[in-house]
Each structure stands twice: as structure tokens, then as C-alpha cells.
Amino acid sequence: MKEKFADYEGGQFLEQEGEFVFKVDEAELTESKAGDPMWKFSMKSDAGTGIVYHSLAKNARWSLNKLIAACLNLTPEQKATFELDYETVGNDLIGHQFIATVKRDTYIKESKRPTADGRFEDVTEEKVSYKIDTSSYKPVED
């Protein structure tokens, strides 16, 4: 089966801070660990790919609203009257572009490392990751 080489380019994870244009590549309605519905979005940019999650809990919808407004380039007037189904809107965002800031994050990873005598020792190391700041969404200006 022949496939396009370009379809698999730009698949690397985010590795730098900055502001980038992203495109919503995939959207999946799923559940959080607490059992609440949430959207899982896969985003692509020239800087790499990232995944963001947006809960549909009423107190958390503000961040999803920022993504919706940025993707659909909603004006303040449109925001006041815009109606949507939060359980289907994620699919409407596929293919839309927006701007977001990528921030550097660090975390501690615990693992086991083999020793020379065949045992394992516990080790911790600081790891770096880069994440899309979900509070930074804005529309792409034409």
C-alpha cells in the first residue's frame, strides 16, 4: 500500500518553548479518571505535536471555550449568542487552526536501574517536557 511520506512528517513531540500556530488534527470524546466526559485533542504544528485534554465539567469549560473561540475566530458578539453541543463540538474543530504558547515543564521520574551485580536500584531524575498552555489560545489572524 502506498502512502504519502508527508503524512508522517512533523510527528515529533514538542521540544521548544514559544508561540506557534497549531491545527486540530484529531478529537476524541472520552472520560477522565473521575468519570467526567472530556475531549482529547491531538494538535500539530511546525514545532511538533501535542495532546491536550479539556474537561466538560461546568467549572472547567472556560478553557474549552477559549479553544472553540480561537478555532472559530468568534467575535465578542458571536460569543454572546453562540450555541453548541459540548459533546459534539470537538469534531467541528478538526482542521481548524489557532495560536498557542508552548511552555517548558519539569517533573521527577522514578525508575529502577540495573546494577552490576544484577539487582536494581531506585533512581529519580528530573525530566523536561513541553506542553501547550491551554489558557493561551488565540485565533490566527488573517
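Residues: numbered from 1 along the sequence shown.
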Check your understanding: So, do His96 and Leu72 sit near enough that their side-chain heavy atoms are less than 4.5 Å apart?
Key -> yes

Study note, to complete from the structure: Taken to the nearest 0.5 Å, the spacing of Arg104 CZ from Lys131 NZ works out to 12.5 Å

Check your understanding: Quick one: OG on Ser129 to CG on Asp105, what's the gap to the nearest 0.5 Å?
Key -> 4.5 Å

Point to revise | Linked, directly or transitively: Tyr53 and Leu93 (ILVMFWY side chains, under 4.5 Å) | key: no

Point to revise | Interatomic spacing from CD1 in Ile99 to OG1 in Thr101 - rounded to 0.5 Å | key: 9.0 Å

Review point. Does some side-chain heavy atom of Glu125 sit less than 4.5 Å from a side-chain heavy atom of Ile108?
Key: no

Check your understanding: So which heavy atom on Lys79 is nearest to which on Ala69, and how close?
Key -> CE-CB, 3.6 Å

Review point. About how many Å separate CD1 of Ile68 and CZ of Arg61, when rounded to the nearest 0.5 Å?
Key: 9.5 Å

Point to revise | Within-4.5 Å side-chain heavy-atom neighbours: Trp62 and Ser135 | key: yes

Study note, to complete from the structure: Tightest non-hydrogen contact, residues Leu14 and Ser45, listed as CD2-OG, 4.4 Å

Exercise for review: Determine, using the 4.5 Å side-chain heavy-atom cutoff (strictly less than), whether Ile51 and Ile94 are members of one ILVMFWY cluster.
Suggested key: no

Check your understanding: Which of parallel (below 30°), tilted (30 to 60°) and perpendicular (above 60°) describes Phe41 and Trp39?
Key -> parallel

Point to revise | Phe20 vs Asp46 side-chain heavy atoms within contact, under 4.5 Å | key: no

**Study point:** Atom of Leu74, atom of Gln78 and distance for their closest heavy-atom approach
**Key:** CA-OE1, 3.3 Å

Practice item. Taking the side chain as every heavy atom from C-beta outward, state whether Leu67 and Thr134 have any atom pair closer than 4.5 Å. Key: no

Review point. Minimum heavy-atom separation for Asn73 to Val140, with atom names?
Key: ND2-O, 4.3 Å

Exercise for review: Locate the shortest heavy-atom distance separating Cys71 from Phe98; write the atom from each residue and the value.
Suggested key: SG-CD2, 3.8 Å

Practice item. Calculate, to the nearest 0.5 Å, the distance between atoms CE and CG belonging to Met38 and Leu56 respectively. Key: 9.5 Å

Review point. Going through the checks in order, is the ring pair (Phe, Tyr, Trp, His ring centres under 6.0 Å) test met by Tyr137 and His54?
Key: CA-CA 13 Å; Tyr137 301 136; His54 287 284; 5.7 Å; yes

Check your understanding: Can you find a side-chain donor-acceptor pair between Asn65 and Tyr86 that sits under 3.5 Å?
Key -> yes

Check your understanding: Between Glu126 and Lys109, is there a salt bridge with N-O shorter than 4.0 Å?
Key -> no

Review point. If you draw a 6.0 Å radius around CD in Glu121, do more than 12 non-hydrogen atoms from other residues or ligands fall strictly inside?
Key: yes

**Study point:** Within-4.5 Å side-chain heavy-atom neighbours: Tyr130 and Glu17
**Key:** yes

Practice item. Test side chain to side chain contact (heavy atoms under 4.5 Å, CB included) on Val102 and Phe22 and set out the steps. Key: CA-CA 11 Å; Val102 173; Phe22 286 89; 3.7 Å; yes

Check your understanding: Between Val123 and Lys112, is any pair of side-chain heavy atoms under 4.5 Å apart?
Key -> no

Check your understanding: Does some side-chain heavy atom of Met43 sit less than 4.5 Å from a side-chain heavy atom of Asp25?
Key -> no

Point to revise | Distance, nearest 0.5 Å, that separates CD of Glu28 from OG of Ser42 | key: 10.5 Å

**Study point:** Contact summary for Glu87 and Leu29, nearest pair of heavy atoms
**Key:** O-CD2, 3.5 Å

